[in-house]
Amino acid sequence: QIKLMESGGESVHTGGSIRLSCVISGFTPDFDGGYCLAWFRQKGALRWGVATLHSSGATTYDDLVKGRATISMDSAHNTVSLEMTRLRPEDTEVYYCALERRGTWCSKFETYYDDWGQGTQVTVTA
């Protein structure tokens, strides 16, 4: 059974930084085209991908966080992280990590992803 477990959410002041982590267990890649890991946050009624990381190492960032976020993978510990700097009150959201088990490219749309963590709350105060 594949499980994703986020941690690191907390309350920070505007301009501060945060590092979210997601431990993935039970997943064995089985597709030559690779897989995708992503961080999402709520955008209205949808969860919206703010950063993606393909198993090839390719990354993408949504304009919401571009220049302020870094997604990375620690393969030795099966952990994908999202570091965000210069946080703003509008970054306040529940952040989710997600896995697309087979993907040659990584989407920011939630429907592509197979497995999800439970979410971790980030609150940015003025």
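For reference, positions follow the sequence shown, starting with 1.
Side-chain contact between Gln1 and Lys3 is present, with heavy atoms from C-beta onward closer than 4.5 Å. Using a 4.5 Å cut-off on side-chain heavy atoms (C-beta onward), Val122 and Met84 make no contact. For the pair Gln121/Thr92, a side-chain contact is recorded, criterion being any heavy-atom separation below 4.5 Å from C-beta on. Between Pro89 and Thr14, the closest side-chain pair of non-hydrogen atoms falls below 4.5 Å.
Between the CG atom of Leu53 and the OH atom of Tyr35 there is a distance of 7.5 Å, given to the nearest 0.5 Å. Remark: Cys97 SG to Ile71 CD1 distance equals 9.0 Å, nearest 0.5 Å. For the atom pair CG (Asn78) and CE (Met73), the distance works out to 5.5 Å, reported to the nearest 0.5 Å.
Scanning all heavy atoms of the two residues, the minimum distance from Ser21 to Ser81 falls at OG-OG, 3.6 Å. Ser17 approaches Arg86 most closely through the heavy-atom pair OG-N, 4.5 Å. Closest non-hydrogen pair, Thr120 versus Leu20, comes out as CG2-CD2, 4.1 Å. Of all the heavy atoms in Leu82 and Ala51, the pair that sits closest is CD1-CB, 3.9 Å.
Side chain of Tyr113 to main chain of Ser107: a donor-acceptor pair is present (N/O by atom type, distance under 3.5 Å, no hydrogens or angles).
Legend: disulfide bond (SG atoms under 2.5 Å apart) pairs involving residues 56-94, not counting sequence neighbours: none detected. Applying the salt bridge (charged side-chain N to carboxylate O under 4.0 Å, His left out) test to pairs two or more places apart or on separate chains, those with a residue in residues 5-19 are Arg19-Glu83. A salt bridge (charged side-chain N to carboxylate O under 4.0 Å, His left out) check over residues 103-121, counting only residues at least two apart or in different chains, returns the pairs Arg47-Glu110, Asp62-Lys108, Arg101-Asp115. Sequence neighbours left out, not one pair with a member in residues 71-82 passes salt bridge (charged side-chain N to carboxylate O under 4.0 Å, His left out).
Linking ILVMFWY residues whenever their side-chain heavy atoms come closer than 4.5 Å, directly or via other members, leaves Leu46 and Val65 in distinct clusters. With hydrophobic clusters built from ILVMFWY side chains whose heavy atoms lie under 4.5 angstrom apart, Phe109 shares a cluster with Leu64. A continuous path of hydrophobic side-chain contacts links Phe40 to Ile2 [ILVMFWY only; heavy atoms under 4.5 Å].
More than 12 non-hydrogen atoms from other residues, nucleotides or ligands lie less than 6.0 angstrom from OH of Tyr61.
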Validation: residues 22-31 side-chain donor-acceptor distances under 3.5 Å, sequence neighbours left out:
residue : atom : partner : partner atom : Å
Asp30   : OD1  : Arg102  : NE           : 3.1
Asp30   : OD2  : Arg102  : NH2          : 3.1

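For the salt bridge (charged side-chain N to carboxylate O under 4.0 Å, His left out) test, residues two or more places apart in sequence or in another chain that qualify with Lys66 are Asp63.
Side chain to side chain, Thr60 and Thr52 meet the donor-acceptor criterion of an N or O pair below 3.5 Å.
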